2 protein chains.
Amino acid sequence: MARARTTLRDVAQKCGVHLSTVSRVLNRKEGYAISEEVADKIRKAAAELGYKTNPFAYSLRVNRSFTVGVLVPDLSNPVFPPIIRGIEHRLAHSGYTAFLGDTDNKVEEEHRIIERMKGRQTDGLILATAHRSDDLIKTCIAEGYHVVLINRSVEDTAVASVINDDAAGIEMAVRHLLELGHRQIAHVAGPQEISTGYQRYLAFLDVMRKQGLEPDEELVAFCHAYSEDEGKLALTRIFESGKRFTAVVAANDLLALGCYDAIEQQGLTCPDDISVTGYNDMPFANKFKPPLTTIHIPLYQMGERAAEAVLTMIQGPLSQPQKITVHPELVLRGSTGPRG
Amino acid sequence: MARARTTLRDVAQKCGVHLSTVSRVLNRKEGYAISEEVADKIRKAAAELGYKTNPFAYSLRVNRSFTVGVLVPDLSNPVFPPIIRGIEHRLAHSGYTAFLGDTDNKVEEEHRIIERMKGRQTDGLILATAHRSDDLIKTCIAEGYHVVLINRSVEDTAVASVINDDAAGIEMAVRHLLELGHRQIAHVAGPQEISTGYQRYLAFLDVMRKQGLEPDEELVAFCHAYSEDEGKLALTRIFESGKRFTAVVAANDLLALGCYDAIEQQGLTCPDDISVTGYNDMPFANKFKPPLTTIHIPLYQMGERAAEAVLTMIQGPLSQPQKITVHPELVLRGSTGPRG
DNA sequence: TTGTAAGCGTTATCAT
DNA sequence: ATGATAACGCTTACAA
């Protein structure tokens with residue numbers, strides 16, 4: 001650090017013009033009149049001296065940071081890297097950069113990091129950490145921050161979001177299992193205070209009922225987090241209920257992975273004894289044994305669209321918050337098979 | 001955005017003092033004399049008004065951004081999230097924030113992102129993207145940037161780094177295999193223009209020779225990237241050479257995963273027919289089938305130490321660049337077994 | 001113990 | 001078509 005950057009003054013001096021002229025040339029604002037002659041000279045000098053606009057001075061002046069804060073609950077969950085890359089790719093395209101924050105699934109950390117982002121004056125916020133009822137987000141919006149939710153959404157707050165159609169996804173999973181002949185289907189549900197956990201649970205009940213299969217309470221277990229451990233624990237509880245079942249719909253891939261463990265621990269095998277479906281089609285989902293049948297959602301593109309959304313909010317005057325819903329797809333792999 | 005922040009002037013006004021007094025109080029510089037009375041008043045007012053120092057003005061003034069750039073070659077590789085979290089945790093502790101950049105394993109992107117970081121005036125750079133011979137890094141250092149390498153190192157350039165002892169790690173892996181009775185051991189080597197790939201390859205040859213086992217050229221295959229596909233391709237080449245072997249030392253976990261595929265494709269099984277070792281003990285390494293025997297390295301702590309290193313470089317006058325080496329450990333799991 | 005003022009590098013509003 | 005100048009919000013000598 002501490003290299004002396006060339007400033008507008010430096011290039012102005014070299015060209016024998018005033019620095020404001022240089023600023024005008026380099027910014028190429030509409031409707032400005034500048035002689036091509038001097039403009040060329042200035043551009044050449046700027047290039048020679050390696051002029052780069054000082055981001056602090058610029059931001060101070062225009063009151064924008066050209067950054068956005070991105071919060072994820074757990075960077076180690078493989079769903080997030082593709083999302084983050086999509087976000088960054090789109091942001092970079094517009095000269096924006098992301099500040100990344102990992103909340104470690106802790107509300108307390110969420111607050112801390114949001115405070116940090118606000119302190120950094122990020123122009124917008126992309127949050128993958130939403131809870132169904134989320135005062136933190138409500139506050140941010142009330143304060144006028146531009147926020148876009150990704151993957152998860154909140155209830156009773158008007159906020160931009162890009163999510164997938166959870167109901168459609170779960171319906172595909174359940175129908176697939178039904179077609180394979182399964183009738184006793186268990187559900188390892190996600191945290192109910194998170195929209196995905198709740199919506200997928202609702203959808204599960206709904207599809208089952210539409211098929212005339214009243215879902216059995218004992219065949220549903222709720223997890224407190226989207227982690228393998230929780231998935232294993234949950235399915236183990238179902239096993240211990242003694243209730244028979246031949247397939248499990250897990251609310252996400254990590255949970256499904258935990259189900260693998262529970263099944264193995266019972267001395268059973270997947271899919272011969274129990275079929276399992278996941279959700280998200282996270283990287284490596286195809287690498288486990290067995291490769292996971294799951295619901296694919298376009299993570300990277302969701303990231304791009306979230307970035308797109310936050311950028312338009314930053315630029316334009318905020319109208320109605322955009323709600324973008326992408327469509328999930330069933331991807332058939334090795335963890336589901338005909339009822340044994 | 002665009003919320004009118006309270007400035008030093010606002011709180012000065014409220015207290016009937018000059019804004020410079022407020023600045024002094026809030027910064028608590030050593031050896032400043034300020035009456036406790038007015039100091040209290042100021043602190044209370046600042047809290048009430050929710051004063052936060054404007055980062056642009058501050059950075060402009062002190063010529064520091066309190067950010068560091070972090071570059072990874074591929075965020076989707078599970079080794080990086082823990083490293084990144086370690087970095088961020090340590091940085092946040094000192095009021096610093098990271099700008100993350102994913103180079104997608106492309107040199108071209110590396111340049112672009114480094115330029116962006118420089119443009120953002122990051123106070124330092126933590127790079128997980130180093131090549132053994134890396135002009136980009138050489139240039140950064142020549143320009144006076146504070147750079148710390150993580151995981152990989154460069155040759156013939158004095159640069160701070162936190163890496164693991166590759167030779168020791170590979171030695172553990174090979175010895176473990178030898179103890180299991182293996183003699184024909186293959187090596188799926190990493191990219192040789194990357195320090196880890198090269199060092200691990202060298203170490204492999206070295207340990208084998210120390211055991212009096214001249215390594216067979218046909219039992220070594222080189223990969224062009226650390227990816228599953230490359231691992232699969234490489235081991236397939238070895239299979240096709242027709243040379244017999246009963247174990248593979250892969251240069252990292254992703255490569256090892258590819259080896260699983262190749263083994264399966266041959267109609268063989270791991271570890272019954274072929275034992276496999278990985279390197280890094282990335283998240284999920286224990287979740288594959290079979291769980292991967294690999295070399296554990298303390299990713300999170302390495303991240304913390306890299307952050308620590310860059311912070312001391314930023315603060316103090318740069319003396320000799322720190323070289324930190326952490327120690328790897330063998331973790332025994334299901335992918336290795338006695339020679340069949 | 002506190003106030004004054006210069007300056008960090010920009011952009012934008014005046015003039016000229 | 002270009003130059004001068006005031007801000008943006010802050011830190012920090014230097015005065016008082």
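Since the structure is predicted, the reported quantities are computational estimates derived from the model, not experimental observations.
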message = Distance check needed: D:dC8 C1' versus A:Asn63 CG, whole Å only.
response = 8 Å
inquiry  = Just the rounded figure in Å: distance from P of C:dC8 to CG of B:Asn54.
reply    = 18 Å
task = Just compare C:dC8, C:dT10, D:dC10 and give me whichever is closest to any side-chain atom of A:Thr7.
result = C:dT10
request  = Verify the contact: side-chain N or O of B:Thr21 to OP1 or OP2 of C:dG3, cut-off strictly under 4.0 Å; return yes or no.
outcome  = yes
task = Name the residue closer to the 5' end of DNA chain C, choosing between B:Val62 and B:Val38 according to the nucleotide with the nearest heavy atom.
result = B:Val38
remark   = note: B:Lys41, atom NZ; C:dT2, atom C1'; distance rounded to Å ~ 12 Å
B:Ser20 (side chain) and C:dT4 (base): donor-acceptor pair under 3.5 Å = yes
note = Regarding the side chain of A:Leu8, the nearest nucleotide among D:dG3, D:dC8, C:dT10 is C:dT10
Whether B:Tyr300 and B:His89 hold their rings parallel, tilted or perpendicular, with breakpoints at 30° and 60° = tilted
Rounded distance in Å - CG (B:Asn27) to P (C:dT2) = 16 Å
message = For A:Glu36 and B:Thr53, find the nucleotide of DNA chain D closest to each by heavy atoms; which residue's nucleotide sits nearer the 5' end?
response = A:Glu36
Most 5' of B:Val17 and A:Ala57 on DNA chain C, judged by nearest nucleotide = B:Val17
request  = Find the distance A:Gln13:CD to D:dG3:P and express it as a whole number of Å.
outcome  = 13 Å
inquiry  = Can you confirm whether the side chains of A:Tyr96 and A:Ser65 place a donor and an acceptor under 3.5 Å from each other?
reply    = no
message = Does the plane of the ring in A:Tyr58 sit parallel, tilted or perpendicular to the ring in A:Phe66? Use 30° and 60° as the thresholds.
response = parallel
key: Separation of D:dC10 P from B:Phe66 CZ (nearest whole Å)   = 14 Å
request  = Provide, to the nearest angstrom, the distance between the CG atom belonging to A:Leu19 and the C1' atom belonging to C:dG7.
outcome  = 14 Å
ask   = Please give, in whole Å, the distance from D:dA6 P to A:Leu60 CG?
value = 17 Å
ask   = Taking NZ, NE, NH1 and NH2 as the nitrogens, is one of them in B:Arg90 or B:Glu308 under 4.0 Å from a carboxylate oxygen of the other?
value = yes
query = Does B:Tyr51 have a side-chain nitrogen or oxygen under 4.0 Å from the phosphate oxygens OP1 or OP2 of D:dC10?
reply = yes
query = Just checking B:Ser59: base, sugar-phosphate only, or nothing, at a heavy-atom cut-off of under 4.0 Å?
reply = nothing
query = Quick one: salt bridge (charged side-chain N to carboxylate O under 4.0 Å, His left out) partners of A:Asp40, sequence neighbours excluded?
reply = A:Arg43
task = Could you tell me whether the phosphate oxygens of D:dA4, OP1 or OP2, come under 4.0 Å of any side-chain nitrogen or oxygen in A:His18?
result = yes
